[in-house]
There are 2 protein chains.
Amino acid sequence: MEQTINILKKHGISPSYQRVKIFGYLMETKTHPTAYDIFAKFKSEIPSLSKTTVYNVLSALKEKNLVNEVHIEGHETRFDAEMRQHGHFKCSVCGQVSDLFLTQDLNQILSQKLVIQDIQFNVTGICNQCLTLQNNN
Amino acid sequence: MEQTINILKKHGISPSYQRVKIFGYLMETKTHPTAYDIFAKFKSEIPSLSKTTVYNVLSALKEKNLVNEVHIEGHETRFDAEMRQHGHFKCSVCGQVSDLFLTQDLNQILSQKLVIQDIQFNVTGICNQCLTLQNNN
DNA sequence: TACAATTTTATAATGATTACAAATTTAGAA
DNA sequence: TTCTAAATTTGTAATCATTATAAAATTGTA
């Protein structure tokens, strides 16, 4: 809470109630929620909350490099406050998205010299839990 | 043309006029067009063409593993008939998406054992052309 | 307290995609 | 060749995520 507020301040974002809630949630969760997920999560706790606010907050966080967008499938944009380089895994059975830590720095596998701003590494497959369920049926 | 038709047949897709046109285009282009790009490209040549058809054809091609979807930014879904493993680079200045060939097999950098269906490697940055333009101004 | 700036909110608009059903085309049987 | 059923394409409307806009509420400060 204090920590969340300090990070926001340090990055020039004044810590409004909604911003602290949303950014705090993104820092503690590993579920890579969509804007709608975040809206649904807080709607009962903050009844006045509007979807526009969620989008506004997310876009402010992104602009200050406090969160990354994750694009794995179609339309859905997910958000992640883990800023260290890592990949994402989406299970095509249960739909969950989890972090994927990698054995190598992704910058090293490029074959061309380019000015890089962002690297995303996204894997789709079947998670071990769903695989076990499938094998038992 | 014959080649395009043969590939479609081999994968159990009957080669209708629209399918041959769209798949043929995806095989020869490297621009990673969106559904709308494809629609716009053929609208004058095939005036009856409907956006729904473009989506139908793309989804059939995808189901038979003849094309991959590319998700780099926001909502936009792009299509690619290059099925060998490779990455994508999007220039944040000019917006162009190009292929990125990699120095290493992406399967090898995963730190966990998982059933993998698809791997996407997407880089955002500034292409060399836009970089040169910037430096000259 | 009063006022300006910031933030949040509701509503409407946009853009991509999907659902659906009618129209057209195709393929195969008679 | 003709007829019919199945496949394909098409236009329209619906849906979903996101953005635009402007009013309302909140905050910080003189």
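Because only heavy atoms are used, hydrogens play no part in the values below, and waters and symmetry mates are left out as well, while side chains stay in. Numbers restart at 1 for each chain; the letters A, B, ... are given by sequence-line order, proteins then strands.
Side-chain rings of B:Y25 and B:F42 approach one another, their centers coming within less than 6.0 Å.
A:T103 contributes no side-chain N or O that, together with a main-chain N or O of B:L110, makes up a donor-acceptor pair within less than 3.5 Å. Using modelled atom types, no side-chain atom of B:E69 and backbone atom of A:E73 make a donor-acceptor pair closer than 3.5 Å. Looking at B:K43, its side chain does come within 3.5 Å of a backbone N or O of B:L49 through a donor-acceptor pair. In this structure, the side chain of A:R78 does not engage the main chain of A:H71 through any donor-acceptor pair within 3.5 Å.
Taken residue by residue, residues 44-63 of chain A places heavy atoms nearer than 4.0 Å to DNA chain C at A:S48, A:L49, A:S50, A:T52, A:T53, A:N56. Of the residues in residues 7-35 of chain A, A:S14, A:S16, A:Q18, A:R19 come within less than 4.0 Å of DNA chain C through at least one heavy atom, sorted by number.
The NE2 atom of B:H75 sits 15 Å away from the P atom of C:dT18 (whole-angstrom rounding). Atom-to-atom, CZ of B:R78 to P of C:dA16 comes out at 11 Å; the value is rounded to the nearest Å. If you measure from atom NE2 of B:H71 to atom P of C:dA16, you get 15 Å, rounded to the nearest angstrom. Put simply, CD on B:E76 is 11 Å from C1' on C:dA16, counting in whole angstrom units. Atom CD1 in B:I38 sits roughly 14 Å away from atom C1' in C:dT17 (whole-Å rounding). Atoms CG (A:D37) and C1' (D:dC16) sit 14 Å apart, rounded to a whole Å. One atom, CZ of B:F39, and another, C1' of D:dT10, lie 11 Å apart when rounded to the nearest Å.
Residues A:D80 and A:H86 bring a donor and an acceptor atom of their side chains to less than 3.5 Å of each other.
A salt bridge does not link B:E82 to B:K30: none of the charged nitrogens lies less than 4.0 Å from a carboxylate oxygen.
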Q | Full working for salt bridge (charged side-chain N to carboxylate O under 4.0 Å, His left out) between B:E2 and B:K9 | A | CA-CA 11 Å; B:E2 264 315 304; B:K9 282 185 185 165; over 6 Å; no

